[in-house]
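Report on the following structure.
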Amino acid sequence: MSKRPRLPSEERVLEALRSSRRGPLKVKELARTLGVSTHAYRDFRALLRDLAQAGQIYRVKGQRYAVPDKINLSVGVLSCTRSGDGFVQPERGGEEVYVPASSLDSAMDGDHVVVRIEGHPRGRSPVGRVIKVIERAHSTLVGTFSRSRDFGLVTPTDRRLGREVIVPKDAVGGALDGDVVVVRIGAYGSGRMNPTGSIETVLGQPTDAGVDMLTVIHGHGLPLAFPDAVEDAARAALHARRGEAGSERMDRRDLHVFTIDPADARDHDDALSITVAEDGSAEVGVHIADVSHFVEEGGALDLEAFTRGTSVYLVDRVIPMLPAALSSDACSLLPDMDRFAVSVFATLDGQGRVREHRFERTTIRSRRKLSYEEAQALLDGPALEGDPTWESLKALGDLAQKIRNAREARGAIDFDLPEAKVLLGSKGEPVDIVRVERLEAHRLIEDYMLLANELVARAAEQQRLPVLYRVHDPPPTDKLVTLRQFLSYLGLGLGRGRVQPKDLQEVMARVRGKPEEGMVARVLLRSMSRAQYDGNNRGHFGLAARWYCHFTSPIRRYPDLWTHRVLIHCLLEGQPSEQRWTTEAIERIAVRSSDRERVAESAERESVDLKKVQYMERHLGEVFDGTISGVTAFGFFVTLDDVFVDGLVHVNSLEDDYYVFQEHAYRLVGERTRRTFRLGDRVTVLVSRVDRAERLVDFVLVTRPT
């Protein structure tokens with residue numbers, strides 16, 4: 001059999017086009033530059049078509065190719081606002097591009113698009129127009145159905161998705177006026193024509209029990225169940241692999257291992273142990289479920305996990321990445337059960353510094369399952385000499401504080417903003433909203449998970465392993481300018497040079513315990529870049545870490561599962577990296593994982609917001625205290641103290657003056673009275689309107705800021 005002609009890598013093609021001094025190149029010119037043989041020419045043309053389809057290169061007039069940024073184009077994911085305008089963050093970095101609603105054509109929120117830069121307004125983001133949709137984010141959408149004599153209309157529940165979908169009379173599927181439906185899009189229309197589609201599922205009337213959560217699930221394209229083939233594959237893997245330890249596995253069942261998780265957790269993918277030596281050093285074991293033992297690369301389970309990307313934690317349920325046979329049973333580190341793990345053993349000195357570390361594929365047995373509250377009670381309670389769990393927990397707690405201090409000393413940032421949890425009744429109705437208290441037990445687990453992730457990432461970089469790094473870039477230039485203006489207004493200088501994590505940490509230290517602490521923390525957080533997955537290590541700005549990856553949650557995150565697979569194959573089994581693990585393949589996994597993470601976060605946030613709005617329906621006309629958490633030209637948002645609900649005080653409701661928005665200071669100022677509303681101000685408000693369909697809460701001001 002003859003060998004397939006060798007082609008240049010995708011990166012070589014992109015570099016050749018970037019460095020071309022003749023501008024866009026024809027296929028033959030590019031082939032000549034890259035030394036492509038005659039036998040490989042047909043495959044080379046196919047490679048270029050694939051790259052163009054993916055948006056990495058672009059074909060211009062004269063059958064010539066160029067990279068987008070060389071011809072005033074930008075490629076990225078479109079994010080739309082509720083008002084209809086859009087923004088595109090370029091994949092290869094650079095300024096965010098503003099796309100007016102009139103220039104979106106048929107593109108929707110979440111689509112992978114190409115935009116042409118059409119203007120550079122001074123002091124503002126470039127302005128562009130969508131000229132191509134590379135990949136659609138939505139094949140279906142959720143909305144409210146209304147019927148006319150000749151056709152139906154579906155108005156999207158998510159206003160970021162644009163215009164109504166027209167449904168032909170014969171494709172309404174029995175939907176009634178007011179029903180919440182799932183519509184499958186057949187044609188996306190254009191700038192002048194609405195999209196068209198057919199009703200796929202009728203969810204019911206908006207007030208029907210459970211329709212609210214189904215709206216969130218279908219609206220984000222989340223699966224309700226695993227395909228039968230995937231469930232069968234999970235059972236088969238369980239039967240075939242549970243009794244087979246695999247190669248190079250060490251028996252560590254003699255260690256006192258225990259887990260600490262939320263009280264209602266069903267999957268336990270991390271556990272700890274500690275052995276203290278006479279010289280004061282300690283060997284800490286971070287034991288992570290060996291999910292890759294059961295999930296074979298390329299199999300039905302792996303493909304389903306890759307498709308889902310992550311488990312999704314909605315307010316009333318979990319949509320897991322893996323079937324329960326694995327996530328809640330075979331891979332879960334349940335007490336008094338032998339389980340397979342991948343363990344990181346780190347020897348630390350009395351100051352929490354790592355002397356040495358190693359990785360092992362292990363068999364462990366958890367001796368105890370603790371909730372965070374139970375672990376905290378042990379930490380705070382009386383001494384229990386002779387209790388191995390108490391002794392281990394105390395030793396781990398003392399060492400964790402030193403690890404944390406060292407991490408903070410290098411500049412790691414901890415915003416520690418409050419979180420809320422919605423408590424539901426038996427019928428899924430919200431009965432209360434409570435603050436989630438961050439305990440020392442939470443910090444302890446976080447410290448050791450961060451340590452394990454850093455050690456794995458460092459080893460991966462040193463050995464050039466094809467893992468997915470968790471990267472976090474410094475704040476983008478435009479946000480940094482705004483941040484400096486805001487901090488200057490507060491008398492908090494940030495300097496003009498390149499910002500370092502320690503600079504932001506010092507800002508937080510200067511306001512700690514002061515009334516403006518929460519305000520500054522929110523502004524700093526909004527100024528940060530978004531963390532993502534990448535095949536190239538660029539470090540993690542927020543953690544001030546040179547190396548970082550996700551390793552500690554393979555039951556619920558695909559990047560962790562992938563990292564386990566690579567670590568075991570290359571380091572523990574001593575095998576060379578697989579040829580199929582190319583740079584391009586890793587980047588595709590990274591992009592997919594980052595995209596699925598964003599979808600999960602959006603769904604989780606929306607499910608909580610939905611229940612918060614329902615909760616506030618029972619409190620119309622009531623008065624609450626709160627803090628201004630956001631300021632815009634059209635008003636300011638207030639976060640209520642006790643229930644952590646956000647609502648808007650619209651500028652039109654402030655009838656005593658005309659208010660001007662001062663963006664750099666995050667404040668509204670009255671032209672005549674100079675009355676000021678700024679981020680962090682304390683206010684008292686009345687709940688004036690609740691719109692469940694729009695998921696909005698409106699307030700009116702009762703008292704002025706204090």
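Around the CD atom of E15, the shell of radius 6.0 Å holds more than 12 heavy atoms that belong to other residues, nucleotides or ligands. Other residues, nucleotides and ligands contribute more than 12 heavy atoms inside 6.0 Å of the CD atom of E601. Surrounding CD of E135 are at most 12 heavy atoms belonging to other residues, nucleotides or ligands under 6.0 Å away. Remark: Y489 OH is packed, more than 12 non-hydrogen atoms of other residues, nucleotides or ligands lying under 6.0 Å away. In the displayed structure, R546 atom CZ is contacted under 6.0 Å by at most 12 heavy atoms of other residues, nucleotides or ligands.
Listed here is the closest heavy atom pair of E597 and A531: OE1-O, 4.1 Å. Listed here is the closest heavy atom pair of D691 and V613: O-CG1, 3.9 Å. Residue A137 comes nearest to D111 through the heavy atom pair N-OD1, 2.8 Å, listed as atom of the first residue, atom of the second, then distance. Closest heavy-atom contact between G535 and A590: N-CB, 4.3 Å. Closest heavy-atom contact between G411 and P501: O-CB, 3.4 Å. Considering every non-hydrogen atom in both G110 and V77, the closest pair reads O-CG1, 3.6 Å.
A donor-acceptor contact shorter than 3.5 Å links the side chain of H650 to the backbone of N652. Between the side chain of T676 and the backbone N or O of R674 there is at least one donor-acceptor pair closer than 3.5 Å. Formation of a donor-acceptor pair under 3.5 Å by the K502 side chain with backbone atoms of A409 is found in this model. A distance-only check finds no donor-acceptor pair linking the side chain of S553 to the backbone of R556 [under 3.5 Å]. Looking at S607, its side chain does come within 3.5 Å of a backbone N or O of V315 through a donor-acceptor pair. Using a distance-only test at 3.5 Å, with no hydrogens or angles considered, no donor-acceptor pair links the side chain of T563 to the main chain of F551.
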Inset, instruction - Using the salt bridge (Lys or Arg N to Asp or Glu O under 4.0 Å) rule, take D534 and R538 through it: C-alpha gap first, then chi angles, then the decisive distance, then the call. - result: CA-CA 8 Å; D534 201 299; R538 301 199 303 273; 2.7 Å; yes
Inset, instruction - Output, in order, the C-alpha distance, side-chain angles, deciding distance and verdict of side chain to side chain contact (heavy atoms under 4.5 Å, CB included) for V631 and Q662. - result: CA-CA 9 Å; V631 183; Q662 296 180 352; over 6 Å; no
Legend entry - R438/E446 under salt bridge (Lys or Arg N to Asp or Glu O under 4.0 Å): CA gap, chis, key distance, verdict: CA-CA 11 Å; R438 191 181 181 197; E446 181 181 89; 3.0 Å; yes
Inset, instruction - Report the C-alpha separation of D503 and R498 in whole Å, then their side-chain angles, then the decisive distance to 0.1 Å, and conclude whether the salt bridge (Lys or Arg N to Asp or Glu O under 4.0 Å) test is met. - result: CA-CA 10 Å; D503 299 328; R498 181 178 178 183; over 6 Å; no
Inset, instruction - Evaluate the criterion side chain to side chain contact (heavy atoms under 4.5 Å, CB included) for residue pair V645 and F624; output intermediate values, then yes/no. - result: CA-CA 10 Å; V645 171; F624 294 85; over 6 Å; no
Inset, instruction - Begin with the C-alpha distance, continue with both residues' side-chain angles, and end with the deciding distance and a verdict on side chain to side chain contact (heavy atoms under 4.5 Å, CB included) for M508 and Q505. - result: CA-CA 5 Å; M508 286 303 305; Q505 184 195 68; 5.8 Å; no
Legend entry - Derivation and outcome, side chain to side chain contact (heavy atoms under 4.5 Å, CB included), residues H138 and L161: CA-CA 9 Å; H138 307 276; L161 296 182; 3.4 Å; yes
Inset, instruction - I would like to know whether E440 and R404 meet salt bridge (Lys or Arg N to Asp or Glu O under 4.0 Å); could you show each step before the answer? - result: CA-CA 12 Å; E440 183 62 26; R404 193 179 315 146; 2.8 Å; yes
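With rounding to the nearest 0.5 Å, the separation of CD1 in I445 from CE in M449 is 5.0 Å. Separating the OG1 atom in T684 from the CG atom in L701 is a distance of 8.0 Å, to the nearest 0.5 Å. L73 CG to R129 CZ: the interatomic distance, rounded to the nearest 0.5 Å, is 13.5 Å. For the atom pair CD of Q485 and OG of S488, the computed distance is 8.5 Å after rounding to the nearest 0.5 Å. T552 OG1 to D560 CG: the interatomic distance, rounded to the nearest 0.5 Å, is 6.0 Å. Taking CD from E584 and OG1 from T582, the interatomic distance works out to 4.5 Å, rounded to the nearest 0.5 Å.
Ion pairing between a basic and an acidic side chain is recognised when a charged N comes within 4.0 Å of a carboxylate O; R598 and E604 show no such pairing. Using a 4.0 Å cut-off between charged nitrogen and carboxylate oxygen, D657 and R675 do not count as a salt-bridge pair. Under the 4.0 Å criterion applied to side-chain N and carboxylate O atoms, D447 and R443 are not assigned as salt-bridge partners. The pair R82-D109 fails the salt-bridge criterion, with no side-chain N (NZ, NE, NH1 or NH2) lying under 4.0 Å from an Asp/Glu carboxylate O. The pair R410-E408 does not count as a salt bridge, with every side-chain nitrogen at least 4.0 angstrom from each carboxylate oxygen.
Contact annotation: the side chain of V422 never approaches that of F644 to less than 4.5 Å [non-hydrogen atoms, C-beta and beyond].
Annotation: salt bridge (charged side-chain N to carboxylate O under 4.0 Å, His left out) contacts involving residues 635-648, sequence neighbours excluded, comprise D641-R682.
Looking at residues two or more places apart in sequence or on another chain, you find no ring-ring contact (aromatic ring centres under 6.0 Å, His included) involving H120. Partners of F541 by ring-ring contact (aromatic ring centres under 6.0 Å, His included), not counting sequence neighbours: none found. With sequence neighbours excluded, no residue forms a salt bridge (Lys or Arg N to Asp or Glu O under 4.0 Å) with D85. With sequence neighbours excluded, the residues forming a ring-ring contact (aromatic ring centres under 6.0 Å, His included) with H357 are F359, listed by chain and number.
With ring centers used as reference points, H550 lies 6.0 Å or more from Y469. Y65 has its ring centre no less than 6.0 Å from the ring centre of Y58. Between F486 and Y666, the ring center distance clears the sub-6.0 Å criterion.
Looking at S529 and H472, their side chains never bring a donor and an acceptor atom within 3.5 Å of each other. Between the side chains of S83 and T81, at least one donor-acceptor pair of N or O atoms lies under 3.5 Å.
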Could you pull out all donor-acceptor pairs under 3.5 Å where a side-chain atom in residues 514-525 meets a protein atom, sequence neighbours excluded?
unit_1	atom_1	unit_2	atom_2	d
K514	NZ	R510	O	3.2
E517	OE1	G513	N	2.9
R522	NH1	G518	O	3.4

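Figure legend: R667 and F661 shown without cation-pi pairing, the cationic atom not lying both under 6.0 angstrom from the six-membered ring centre and within 45 degrees of its axis.
Below 30°, between 30° and 60°, or above 60°: for F306 and Y558 the angle between ring planes is above 60°, a perpendicular geometry.
Under the side chain to side chain contact (heavy atoms under 4.5 Å, CB included) rule, M108 has a single partner from V113, D158, V133, L141, which is L141.
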